[in-house]
Amino acid sequence: MPPSAPQVLLRREVLAAHAPPALDAVQKQVVAHRGGSLRVLGAPGTGKTTTLVEAVVDRVERDGLDAGEVLVLAPTRVAAARLRERVTARLARTVREPLARTPQSFAFGVLRRVAAAADEPAPRLISGPEQDLVLRELLAGHVAGVGARPQWPHELLPALATRGFRGQLRDLVMRAVERGVDPVSLAELGRRHGRPDWVAAAHVLQEYLDVTALAAPGAYDPASITGAAAAALADDPVLLDEVRAQTRFVAVDDAHEATPAVAALVRTVVGSAGELLLVGDPDATTQGFRGADPSLLVDGPGAVVRLRTAWRQGAALRQVTQRVASRIGAVGGAAHRLVTGPTEPRPAGTAEAHVLRSATHEASFVAELLRRHHLEHQVPWSQMAVVVRGGSRTSTLRRVLTAAEVPVDVPATEQPVRDQAAVVPLLDAFSTALALAHGHEHPLDAERAVALLTSPLGGADAVALRRLRRALRSQELGAVDDAEPGGVVVARTSDELLVAALLDPV
């Protein structure tokens, strides 16, 4: 029976989705390259990821490689998932192994093979919250006098119990582990460079390694797992030959985000005779605070190809970005920034600059601009985006946009679970209940009380909170007036009354 019209239309749409994209001459050169290593540099919008996808598809369809013989790496889980979807859609087939993964995922697979060969327990990856919990318990033990206490600088003592300090300490510890710096070497570096905080952190690093080794044998944190996999491959020539035989082509997207440990793992797997494709922009590194080093892309092996066509922007926007980029220091040279537009005409685009007095005025201006484009120009909310320089500005902007009735969607991957709006009040309530159960003298402060009252758990808005403050204050002042003559009674503030009211079981 002949297919119906909707079936034919659907089939045409699927074929169109899988059609190869238009490539310029340089991109076609990269796709056709064979033998050895190749580094591809390009500014944002020049089609770096598209070129990588087409290079993978070309090796599978033209060279006959099995999809499992191609290793595609991306720096994050989100990037790997998107890359996996693009490659799978182009190949239009099912595969046994993930077509794109993070370096940590690949390293975990290597260590799992090592554990299986040695008849040892399977490895386990320590998550970020687990690391934070271990560090918090170690610091709390130091305060309680358990074990030897590190000699932290005096100016850091007030910050030891804060989450921000633990985050900074974890970054330092992870970067040391990632680069193979043991506690003794870290302490020596601290003494050599006059950094007593490094010396104290070395003490914490030694305790962290001891605790995790005893409590979770065979467990690896994200910073150490890639280095451990590279060392395991270097120590086992048989396993290394097996991995190289199963990995005939390695492609790394956003290679400028690779850490030294990831670079070592990639070089170990590829060797001197393997095929390697590195794609990225050395001036676009955003994971430097996590140890990313663009040297793998800048100083890596093989020839260098620069993509010259900017597919994403019109002529006016391209001129603006090039004027700005030309004044910024370049890590990999500025040659890959000199781009031209595609041959087919595109809208030129517009760019405006506005100087405002404060962050609040800036957020209000952005909200008004978004509303105007939505109401006057019928631009859907889903086609608008606000780029923020740092995460600290996100909360203020989100609050102002929400008050202006602009729907806001912050990707969950950009926020740790503990900082998400639905989780924070639960954690605050649990911590307060635990503090009460342990008999703490001050289980709740005014700031957390206000946060609990205005959260979905409390359900109060600003008006209800103001009325509650006035009612509690009025009751307090009435109690002061009714006190016995001669007694000294001081009325409590509204903050103190809020805390007392929340802690009252009645």
Side-chain angles (χ1 to χ4, degrees), residues 73-80 101-112 114-115 122-139 163-190 195 197-198 200-235 252 254-269 285-296 413 416-418:
L73 299 178
T76 64
R77 291 192 300 270
V78 175
R101 56 177 69 180
T102 63
Q104 290 77 16
S105 173
F106 175 71
F108 186 85
V110 171
L111 294 176
R112 185 169 53 188
V114 173
R124 188 176 70 86
L125 190 63
I126 302 177
S127 64
E130 288 180 286
Q131 293 174 326
D132 185 77
L133 177 61
V134 171
L135 291 177
R136 184 175 63 182
E137 292 178 344
L138 290 177
L139 295 175
R163 181 183 298 169
F165 177 82
R166 290 198 306 273
Q168 294 291 324
L169 178 60
R170 187 177 68 180
D171 285 341
L172 174 61
V173 168
M174 292 302 98
R175 298 294 74 75
V177 170
E178 188 175 56
R179 295 177 180 267
V181 178
D182 58 19
V184 176
S185 301
L186 181 58
E188 178 60 29
L189 286 172
R195 296 294 299 267
D197 51 338
W198 291 4
H203 182 92
V204 178
L205 173 58
Q206 183 62 62
E207 289 187 336
Y208 172 83
L209 296 176
D210 294 340
V211 168
T212 53
L214 291 174
Y220 300 89
D221 49 58
S224 65
I225 191 170
T226 49
L233 290 174
D235 295 339
V252 183
D254 289 338
H256 51 268
E257 304 287 11
T259 64
V262 172
L265 179 60
V266 170
R267 293 190 184 103
T268 302
V269 173
T285 302
T286 60
Q287 300 292 317
F289 66 100
R290 292 179 176 171
D293 187 354
S295 61
L296 173 65
T413 55
V417 175
R418 65 172 183 263

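Values reported hereafter were calculated over all heavy atoms of this structure, with side chains retained and with hydrogens, waters and symmetry mates removed. Quick caveat, the model's predicted, so the values are computed rather than measured.
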Roughly how far, to the nearest 0.5 Å, is CG of L73 from CD of E257?
13.5 Å
Taking all non-hydrogen atoms of both residues, which atom of L265 and which atom of P103 are closest, and how far apart?
CD2-O, 4.2 Å
For R101, which residues count as a salt bridge (Lys or Arg N to Asp or Glu O under 4.0 Å) partner, sequence neighbours excluded?
E97
side-chain contact (heavy atoms from CB on, under 4.5 Å) evaluation trace for V173 with R170:
CA-CA 5 Å; V173 168; R170 187 177 68 180; 5.7 Å; no
OG1 (T226) and OH (Y220) are apart, to the nearest 0.5 Å, by 12.0 Å
Here's a test for you: under side chain to side chain contact (heavy atoms under 4.5 Å, CB included), which of S295, P294, P75 qualifies with H256?
P294
What heavy-atom pair brings A258 and V262 nearest, and what distance separates the two atoms?
CB-CG1, 3.9 Å
State the CG-CD distance between D132 and E130, to the nearest 0.5 angstrom.
11.0 Å
Enter the distance from L138:CG to Y208:OH here, rounded to the nearest 0.5 Å.
9.5 Å
dist I225:CD1 -> R124:CZ (nearest 0.5 Å) comes out at 11.0 Å
For a quick test of reading the model, state the closest non-hydrogen atom pair linking I126 to Q131 and the distance between them.
CG2-CG, 3.8 Å
Looking only at heavy atoms, what is the nearest atom pair of R77 and T102, with distance?
N-CG2, 3.6 Å
Correct closest heavy-atom pair for A261 and G227 would be CB-N, 3.9 Å
Pairs under 3.5 angstrom only: tabulate donor-acceptor contacts from the side chains of residues 176-190 to other protein residues two or more places apart or in another chain.
residue	atom	partner	partner atom	Å
E178	OE1	R175	NE	3.2
E178	OE2	T259	OG1	3.2
D182	OD1	V184	N	3.4
D182	OD1	S185	N	2.7
D182	OD1	S185	OG	2.7

If I compare all heavy atoms of P260 with all of D293, which pair ends up nearest, and what's the gap?
CD-CB, 4.3 Å
Rounded to the nearest 0.5 Å, how far does CG of D197 lie from CG of L169?
10.0 Å
